[in-house]
Amino acid sequence: MASTSEPVTFREFCPLYYLLNAIPTKIQKGFRSIVVYLTALDTNGDYIAVGSSIGMLYLYCRHFNQMKKYNFEGKTESITVVKLLSCFDDLVAAGTASGRVAVFQLVSSLPGRNKQLRRFDVSGIHKNSITALAWSPNGMKLFSGDDKGKIVYSSLDLDQGVCNSHLVLEEPSSIVQLDYSQKVLLVSTLQRSLLFYTEEKSVKQIGTQPRKRAHPGSMWRLNWRRAGGGHCGGDCRSARSGHGGWPL
């Protein structure tokens with residue numbers, strides 16, 4: 001007799017008041033009172049990163065229950081996307097509405113880890129709002145996309161404190177998602193999804209037809225697996241109804 005599967009229970013959790021209470025709802029700038037909006041969010045096992053409309057990045061440490069904040073110097077502008085990465089060092093990247101991208105290398109109390117906050121800037125290429133960010137697993141590569149279709153590759157040397165950036169791809173519509181793995185960058189725009197092979201600098205479109213109308217489209221994820229003989233294969237999968245996977 002076939003066993004029946006257990007029913008799935010959806011549970012609503014309470015708001016994170018300890019996190020929200022550490023972020024001001026308003027700030028005073030001269031004689032003006034400015035409302036603070038939360039505009040971007042990313043999480044991992046160590047941190048919760050929250051971007052705001054005043055250009056302040058709030059970083060909550062889940063282990064020590066501490067909130068720290070980092071800001072963009074100069075003009076106050078909205079943070080549009082944040083992306084965390086935990087590798088040998090803890091990193092967080094943030095993009096703004098004017099096209100600025102900053103990477104913060106966080107301080108760690110663990111032996112052999114980074115002991116001083118460092119910042120890297122990606123500047124001079126993006127001129128429009130940053131809409132997507134993607135890290136390589138080792139933190140040496142960062143890809144950023146904007147709402148005009150530009151994708152920038154930034155190479156980070158954390159030991160030397162150097163960040164070099166250049167334009168690698170330009171699409172005719174806004175970038176809505178990036179994902180990177182095994183030298184392949186998955187790109188989703190308002191019009192299509194594609195794979196960009198970073199070493200060959202070649203493009204492979206996912207599917208055969210462009211989208212009939214501009215919309216955020218599917219949410220994608222690259223999946224890799226180790227096959228026999230040491231070969232590596234994979235596919236990309238869509239979260240949109242009626243779509244499955246495409247082999248790479």
Side-chain angles (χ1 to χ4, degrees), residues 13 16 18-20 22-23 38-52 55-72 79-96 100-122 130-145 151-165 175-188 198 219-226 232 234 236-237 239:
F13 290 89
L16 305 178
Y18 59 86
L19 174 69
L20 295 174
I23 300 174
L38 306 183
T39 55
L41 175 70
D42 193 29
T43 67
N44 62 18
D46 301 314
Y47 295 98
I48 300 174
V50 181
S52 69
M56 191 70 71
L57 173 65
Y58 297 93
L59 195 65
Y60 181 79
C61 178
R62 306 175 81 165
H63 298 295
F64 298 103
N65 298 321
Q66 293 178 343
M67 177 73 82
K68 293 187 177 181
K69 55 185 182 180
Y70 308 94
N71 69 334
F72 284 79
I79 293 175
T80 52
V81 60
V82 293
K83 196 68 175 178
L84 288 160
L85 178 70
S86 288
C87 50
F88 183 76
D89 287 303
D90 292 311
L91 304 167
V92 57
T96 72
R100 299 169 67 189
V101 178
V103 174
F104 297 93
Q105 183 183 7
L106 306 179
V107 175
S108 174
S109 59
L110 297 177
R113 304 283 287 274
N114 186 49
K115 301 302 178 186
Q116 183 178 358
L117 177 70
R118 292 201 291 178
R119 171 176 164 168
F120 304 85
D121 289 293
V122 178
I130 304 299
T131 52
L133 295 167
W135 283 106
S136 65
N138 62 6
M140 297 177 67
K141 299 177 181 179
L142 176 69
F143 295 90
S144 51
I151 299 175
V152 172
Y153 160 56
S154 299
S155 173
L156 287 92
D157 188 329
L158 300 177
D159 294 329
Q160 299 297 322
V162 176
C163 176
N164 295 309
S165 306
I175 308 298
V176 296
Q177 186 194 1
L178 297 172
D179 190 25
Y180 178 80
S181 181
Q182 300 285 342
K183 301 178 183 179
V184 180
L185 179 68
L186 188 150
V187 180
S188 189
T198 56
M219 295 301 294
W220 296 92
R221 185 71 179 175
L222 287 169
N223 300 292
W224 293 93
R225 57 186 177 273
R226 183 68 62 181
C232 189
C236 53
R237 296 195 174 272

Contact summary for [X] and [Y], nearest pair of heavy atoms:
X	Y	answer
S165	V152	CB-CG1, 3.9 Å
G95	L133	N-CD1, 4.1 Å
N44	S86	ND2-OG, 3.2 Å

Practice prompt. State whether the side chain of S188 and the backbone N or O of V176 hold a donor-acceptor pair below 3.5 Å, judged by distance alone.
Written response: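 Here the side-chain-to-backbone pair does not exist.
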Item to complete: Examine distances only and state if a side-chain atom of T80 and a backbone atom of I130 form a donor-acceptor pair shorter than 3.5 Å.
Response: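 At least one qualifying donor-acceptor pair exists.
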Rounded distance (nearest 0.5 Å) linking atom [atom1] of [X] with atom [atom2] of [Y]:
X	Y	atom1	atom2	value
N138	F88	CG	CZ	13.0 Å
I48	D42	CD1	CG	10.5 Å
I175	I151	CD1	CD1	4.0 Å
D157	C163	CG	SG	10.5 Å
D90	L59	CG	CG	8.5 Å
Y47	L84	OH	CG	9.0 Å

Min side-chain heavy-atom separation [X]-[Y] under 4.5 Å:
X	Y	value
V103	L142	yes
L156	F120	yes
Q105	L117	no
I79	L57	yes
L38	I23	yes

Discussion item. Taking side chain to side chain donor-acceptor pair (under 3.5 Å) as the definition, give me every residue that meets it alongside S52, ordered by chain and number, with sequence neighbours left out.
Written reply: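 Once residues adjacent in sequence are excluded, S52 has no partner under the side chain to side chain donor-acceptor pair (under 3.5 Å) criterion.
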Fill in: For S155, all residues meeting side chain to side chain donor-acceptor pair (under 3.5 Å), sequence neighbours excluded
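So S155 forms no side chain to side chain donor-acceptor pair (under 3.5 Å) with any residue.
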Practice prompt. Name the orientation class of the two ring planes belonging to F72 and F104 (parallel below 30°, tilted from 30 to 60°, perpendicular beyond 60°).
Written response: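 It falls in the perpendicular class, over 60°.
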Practice prompt. Taking salt bridge (Lys or Arg N to Asp or Glu O under 4.0 Å) as the test, write out the residues that go with R62, two or more places apart.
Written response: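 R62 satisfies salt bridge (Lys or Arg N to Asp or Glu O under 4.0 Å) with no other residue.
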Worksheet item: Would V92 and L106 satisfy side-chain contact (heavy atoms from CB on, under 4.5 Å), going step by step from the backbone distance to the final call?
Response: CA-CA 8 Å; V92 57; L106 306 179; 4.1 Å; yes
Practice prompt. Compute the centroid of each ring, for Y70 and then for Y58, and state whether the two points are separated by less than 6.0 Å.
Written response: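 So the answer is no for these two rings.
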Item to complete: For Y153 and K141, run side-chain hydrogen bond (donor to acceptor under 3.5 Å, both in side chains): C-alpha distance rounded to whole Å, both residues' side-chain angles, the deciding distance at 0.1 Å, then the answer.
Response: CA-CA 7 Å; Y153 160 56; K141 299 177 181 179; 4.9 Å; no
